[in-house]
Amino acid sequence: QVQLVDSGGGLVQVGGSLRLSCAASGLTFNRYTMGWFRRAPGKEREFVAAISASGIMIYYEDSVKGRFSISRDSAKNTANLQMNNLKPEDTAVYYCAAKAQWSGSTRAENYNYWGQGTQVTVSS
């Protein structure tokens, strides 16, 4: 049974940092693209970042470029999202997800497995 467990969310002030982690089990981790998505109150779920199975290919949504960094640790079967210089508009529930192919990694409907989400709140 595949399981993704998100953690690391919390309350932080504007300009602060958080590191989200996604622990994966039940799948061959190094064969899956890992993505992070978020859903803000009253908004649609949106793509944040993705990293390919090899870790070579990485893609970010424009608003987080230069502030967020996605990574993966195949020894620990975890995917991480380092978030720096946080802004109030980053407030959302963040979800990690896994899919078998790199193509289409910005689209939520292409992902097979999802974490339960972790709340990130940025106060001004």
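As the structure is a computational prediction, the values presented were derived from the model and not from experiment. Atoms considered below: every heavy atom in the structure, side chains included; atoms not considered: hydrogens, waters and symmetry mates.
The backbone N or O of M57 lies less than 3.5 Å from a partner atom in the side chain of S52, making a donor-acceptor pair. Under the 3.5 Å distance criterion, the side-chain polar atoms of Y111 are matched with a main-chain donor or acceptor of S105. At distances below 3.5 Å, at least one donor-acceptor pair connects side-chain atoms of R72 with backbone N or O atoms of F29. Distance alone, capped at 3.5 Å, is enough to place a donor-acceptor pair between the K99 side chain and the S103 backbone. Panel note: side chain T118, backbone G9; a donor-acceptor pair is recorded below 3.5 Å. In this structure, E61 contributes its side chain and A49 its backbone to no donor-acceptor pair below 3.5 Å. Under the 3.5 Å distance criterion, the side-chain polar atoms of T78 are left unmatched by any main-chain donor or acceptor of C22. Judged by distance alone, with hydrogens and angles left aside, the side-chain atoms of S54 form a donor-acceptor pair with the main-chain N or O of I56 at under 3.5 Å.
Once rounded to the nearest 0.5 Å, the distance linking CG of L81 with CD1 of I70 reads 6.0 Å. With rounding to the nearest 0.5 angstrom, the CD1 atom of I58 is 11.0 Å from the OG1 atom of T33. For the atom pair CG of N112 and CG of L27, the computed distance is 9.5 Å after rounding to the nearest 0.5 Å. A distance of 13.0 Å separates CZ of R45 from CZ of F47, quoted to the nearest 0.5 Å. Atom-to-atom distance recorded for N77:CG and N30:CG is 8.0 Å, nearest 0.5 angstrom. Summarising the geometry, atom OG belonging to S21 is positioned 9.5 Å from atom CG belonging to D6; distances are rounded to the nearest 0.5 Å.
Inter-residue side-chain proximity for R19 and S71 is flagged as met; some heavy-atom pair is nearer than 4.5 Å.
Minimum interatomic distance between L4 and A98 (heavy atoms only, all atoms of both residues): CD1-N, 3.9 Å. Taking every heavy atom of both residues into account, Q119 and T91 meet most closely at NE2-CG2, 4.1 Å. Heavy atoms only, all atoms of each residue included: V64 and V48 are closest at CG2-O, 3.7 Å. Listed here is the closest heavy atom pair of W36 and L20: CH2-CB, 3.7 Å. Taking each heavy atom of R67 and L86 in turn, the nearest pair found is NH1-CA, 3.9 Å.
Taking a 6.0 Å sphere around CZ of R31, one finds it holds 12 or fewer heavy atoms contributed by other residues, nucleotides or ligands. Counting non-hydrogen atoms of neighbouring residues, nucleotides and ligands closer than 6.0 angstrom, the CD atom of Q1 reaches no more than 12 such neighbours. Counting non-hydrogen atoms of other residues, nucleotides and ligands closer than 6.0 Å to NZ of K76 gives a total of 12 or fewer. The number of heavy-atom neighbours closer than 6.0 Å to CD of E89, taken from other residues, nucleotides and ligands shown, is above 12.
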- Task: Kindly indicate, with the supporting measurements, whether the criterion side-chain contact (heavy atoms from CB on, under 4.5 Å) is fulfilled by Y59 and T106.
- Result: CA-CA 8 Å; Y59 190 74; T106 64; 3.6 Å; yes

- Task: Please test N84 against S17 for side chain to side chain donor-acceptor pair (under 3.5 Å), starting from the C-alpha separation and ending with a verdict.
- Result: CA-CA 4 Å; N84 299 326; S17 298; 2.9 Å; yes

- Task: Evaluate salt bridge (Lys or Arg N to Asp or Glu O under 4.0 Å) for D90 paired with K87, printing each intermediate quantity in order.
- Result: CA-CA 5 Å; D90 295 319; K87 303 176 180 181; over 6 Å; no

- Message: Show, in sequence, the C-alpha distance, side-chain angles and deciding distance for R38 and E46, and conclude whether the salt bridge (Lys or Arg N to Asp or Glu O under 4.0 Å) test is met.
- Response: CA-CA 5 Å; R38 65 187 179 187; E46 67 172 356; 2.5 Å; yes

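In the hydrophobic clustering of this structure, Y95 does not group with Y60; members are Ile, Leu, Val, Met, Phe, Trp, Tyr whose side-chain heavy atoms approach within less than 4.5 Å, directly or through other members. Hydrophobic clustering, with ILVMFWY side chains joined whenever heavy atoms are under 4.5 angstrom apart, groups V12 together with V14.
Relative orientation of the Y94 and F68 rings is tilted, given thresholds of 30° and 60° on the angle between their planes. Using cut-offs of 30° and 60° for the angle between ring planes, the W114 and F37 rings count as tilted.
No side-chain N or O of Q82 forms a donor-acceptor pair with one of N80 less than 3.5 Å apart.
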